[in-house]
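The structure under discussion appears below in the form of structure tokens.
Worth saying up front: this structure is predicted, and the values here are computed from it rather than measured.
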Amino acid sequence: MPHAELDVTSGLVRSLLEEQLPGLSHLPLELVANGWDNVMYRLGKEWAVRLPRREAAAHLILHEQQYLPGYARRSPVPLPRPLHSGRASAAYPWPWSVTPWLEGLSAVIVSQASRNVAAEDLAAFLLAIHVPAAPGAPVNPVRGVPLAARSDAVMDRLDDSNRYPQAVRLRTIWSEACLAPPWSGPGLWLHGDLHPANVLLRPDGRLAAVVDFGDLGAGDPAVDLAVAWLMFDDGARHRFMAALGRAVDAATWARARGWAVVLATAMVSFSDDNPGMAGIGRFGVEQLLSER
């Protein structure tokens with residue numbers, strides 16, 4: 001994972017709250033996530049504090065603060081819409097947010113059968129958020145862009161024969177996806193990083209919430225549809241696709257398969273210190289290969 005440029009300690013978070021949100025600063029703090037881009041603390045029972053751990057992620061927090069309330073209004077499930085937009089301070093150089101604490105089980109830690117239950121719910125979520133973006137919406141340089149823009153990165157990763165003994169087949173899948181017609185419609189609002197670690201489930205497997213919108217932006221919806229391979233096995237994947245129906249054409253599904261290659265190989269190649277993410281990547285590779 002990328003190196004943290006700043007150690008976001010509970011003491012630092014407490015000082016930011018005391019300075020900018022004193023009404024909540026007395027509540028207990030618990031570190032719950034330390035991801036590629038952000039650190040998250042639970043604040044009391046109702047709130048979460050989300051803070052960048054490196055400069056490259058700071059502008060993503062600003063995107064969430066500006067655009068995530070609109071996503072939340074459209075979404076059929078709760079989203080971590082920012083309730084307080086924190087400012088940089090003398091001790092911390094970047095923006096940060098306080099959001100609602102969303103209950104649910106990470107789809108990373110549940111059984112495959114439980115993940116599969118959420119197929120139709122996740123399709124309904126994507127149908128709700130995949131609408132034309134507003135003029136001037138951000139465009140993520142590595143998500144929702146034409147597949148050709150990611151080709152060098154994918155091919156470099158597949159040169160690692162130790163990690164990818166099936167690299168020849170994966171290159172074929174990638175090449176076929178790149179032949180699909182590009183997205184020609186308006187840029188749609190995207191999640192940008194949709195995979196099991198960003199999906200929360202109820203105990204019965206139904207969708208509880210979707211989190212981590214740092215990569216939101218406008219572009220090709222195929223990037224979000226890659227979750228079909230990252231989260232579901234064959235039967236549930238077909239249910240997910242059927243639930244999306246005519247909203248997704250064959251060319252978009254072909255590009256989505258390519259995006260599954262992009263995301264799965266990124267997780268396999270760069271998650272040696274994060275077993276959960278590495279496991280998502282390996283599962284995605286297995287699902288892609290099992291279809292051929």
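Inter-residue side-chain proximity for Thr99 and Leu83 is flagged as unmet; no heavy-atom pair is nearer than 4.5 Å. Side-chain contact between Met241 and Val248: absent, with no pair of heavy atoms (C-beta onward) separated by less than 4.5 Å. No side-chain heavy atom of Ser75 sits under 4.5 Å from any side-chain heavy atom of Val210. Counting heavy atoms from C-beta on, the side chains of Leu24 and Val49 never come closer than 4.5 Å. Looking at heavy atoms from C-beta onward, Val98 lies out of side-chain contact with Pro82 at the 4.5 angstrom threshold. Looking only at side-chain heavy atoms (C-beta outward), His3 and Arg53 stay at 4.5 Å or farther from each other. Using a 4.5 Å heavy-atom threshold, the side chains of Trp101 and Val32 count as touching. Annotation: side chain of Leu263 is not in contact with side chain of His195 (no heavy-atom distance under 4.5 Å).
A pairwise comparison of heavy atoms in Asp233 and Gln112 identifies N-NE2, 3.6 Å as the closest pair. When every heavy atom of Leu201 is checked against every heavy atom of Ser114, the shortest pair comes out as CD1-O, 4.0 Å. When every heavy atom of Pro80 is checked against every heavy atom of Leu102, the shortest pair comes out as N-CD1, 3.6 Å. Considering all non-hydrogen atoms of both residues, Ser15 and Leu12 come closest at OG-O, 2.6 Å. The two residues Pro52 and Val8 make their nearest non-hydrogen contact at O-CG2, 3.9 Å. Summarising the geometry of Ser97 relative to Ile61, their closest heavy-atom pair is OG-CG2, 3.7 Å, with the distance given to 0.1 Å.
With sequence neighbours excluded, no residue forms a salt bridge (charged side-chain N to carboxylate O under 4.0 Å, His left out) with Arg157. Not a single side chain to side chain donor-acceptor pair (under 3.5 Å) links Tyr67 to another residue, sequence neighbours left out. Legend: residues meeting salt bridge (charged side-chain N to carboxylate O under 4.0 Å, His left out) with Arg74, ordered by chain and number and at least two apart, are absent. Annotation: side chain to side chain donor-acceptor pair (under 3.5 Å) contacts of Glu19 (sequence neighbours excluded): none. By the side chain to side chain donor-acceptor pair (under 3.5 Å) test, Arg150 is found to be paired with no residue, residues two or more places apart in sequence or in another chain being considered. Not counting sequence neighbours, Asp156 has no partner by the salt bridge (charged side-chain N to carboxylate O under 4.0 Å, His left out) test. Here Asp159 pairs with Arg171 under the salt bridge (charged side-chain N to carboxylate O under 4.0 Å, His left out) rule; sequence neighbours left out. When the side chain to side chain donor-acceptor pair (under 3.5 Å) test is applied to Asp204, the partners found at least two apart in sequence or on another chain are Arg202.
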Hey, can you pull the donor-acceptor pairs under 3.5 Å for the side chains in residues 123-140, sequence neighbours left out?
| from | atom 1 | to | atom 2 | distance (Å) |
| --- | --- | --- | --- | --- |
| His130 | NE2 | Asp224 | OD2 | 2.8 |
| Asn140 | OD1 | Val142 | N | 2.9 |
| Asn140 | OD1 | Arg143 | N | 3.3 |
| Asn140 | ND2 | Asp215 | OD1 | 3.0 |

Review item, side-chain donor-acceptor pairs of residues 177-184, under 3.5 Å, at least two apart:
| from | atom 1 | to | atom 2 | distance (Å) |
| --- | --- | --- | --- | --- |
| Trp183 | NE1 | Gly185 | O | 3.1 |
| Trp183 | NE1 | Pro186 | O | 2.9 |

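With hydrogens and angles disregarded, a donor-acceptor distance shorter than 3.5 Å links the side chain of Arg163 to the backbone of Val268. Listed for the Gln287 side chain is no donor-acceptor partner under 3.5 Å among the backbone atoms of Ala260. In this structure, Arg239 contributes its side chain and Asn116 its backbone to a donor-acceptor pair below 3.5 Å. A donor-acceptor pair under 3.5 Å links the side-chain atoms of Tyr164 to the main chain of Thr265, judged by distance alone. Asp220 contributes no side-chain N or O that, together with a main-chain N or O of Gly144, makes up a donor-acceptor pair within less than 3.5 Å. Put simply, the side chain of Ser271 never gets that close to the backbone of Asn274: no donor and acceptor are under 3.5 Å apart. Counting only distance, with no hydrogens or angles, the side chain of Glu64 and the backbone of Phe213 share a donor-acceptor pair below 3.5 Å. The closest donor-acceptor contact from the side chain of Tyr41 to the backbone of Ser10 lies under 3.5 Å. Checked by atom type and distance alone, the side chain of Ser175 never pairs as donor or acceptor with a backbone atom of Thr172 at under 3.5 Å. Side-chain N or O atoms of His191 include none that pairs as donor or acceptor with a backbone N or O of Val223 at under 3.5 Å.
Evaluation of the ring pair (Phe, Tyr, Trp, His ring centres under 6.0 Å) test over residues 244-275, restricted to residues two or more places apart or in two chains, returns none. Residue pairs meeting the ring pair (Phe, Tyr, Trp, His ring centres under 6.0 Å) criterion with at least one member in residues 221-246, sequence neighbours excluded, are Phe232-Phe240.
Using a 4.0 Å cut-off between charged nitrogen and carboxylate oxygen, Glu103 and Arg42 count as a salt-bridge pair.
At a cut-off of 3.5 Å, with distance as the only test, a side-chain donor of Ser151 or Trp174 sits close to an acceptor on the other residue.
Relative to the ring axis of Phe283, Arg115 places its NZ or CZ within 45° and under 6.0 Å from the centre.
Aromatic ring centroids of His59 and Trp94 lie 6.0 Å or more apart.
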Under the side chain to side chain contact (heavy atoms under 4.5 Å, CB included) rule, what do Asp152 and Val154 come out as? Steps first, then yes or no, please. CA-CA 6 Å; Asp152 287 348; Val154 169; over 6 Å; no
Output, in order, the C-alpha distance, side-chain angles, deciding distance and verdict of ring pair (Phe, Tyr, Trp, His ring centres under 6.0 Å) for Trp47 and His84. CA-CA 10 Å; Trp47 319 110; His84 171 75; over 10 Å; no
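Within 6.0 Å of CD on Glu5 lie more than 12 heavy atoms contributed by other residues, nucleotides or ligands.
Residues Leu51 and Val211 do not share a hydrophobic cluster, defined by chaining ILVMFWY side chains whose heavy atoms lie under 4.5 Å apart. Connection of Met40 to Leu17 is not established within any shared hydrophobic cluster, with ILVMFWY side chains joined at heavy-atom distances below 4.5 Å, either directly or through further cluster members. Placement of Leu29 and Leu16 within a single hydrophobic cluster is found when ILVMFWY residues are connected by side-chain heavy-atom separations under 4.5 Å, directly or transitively.
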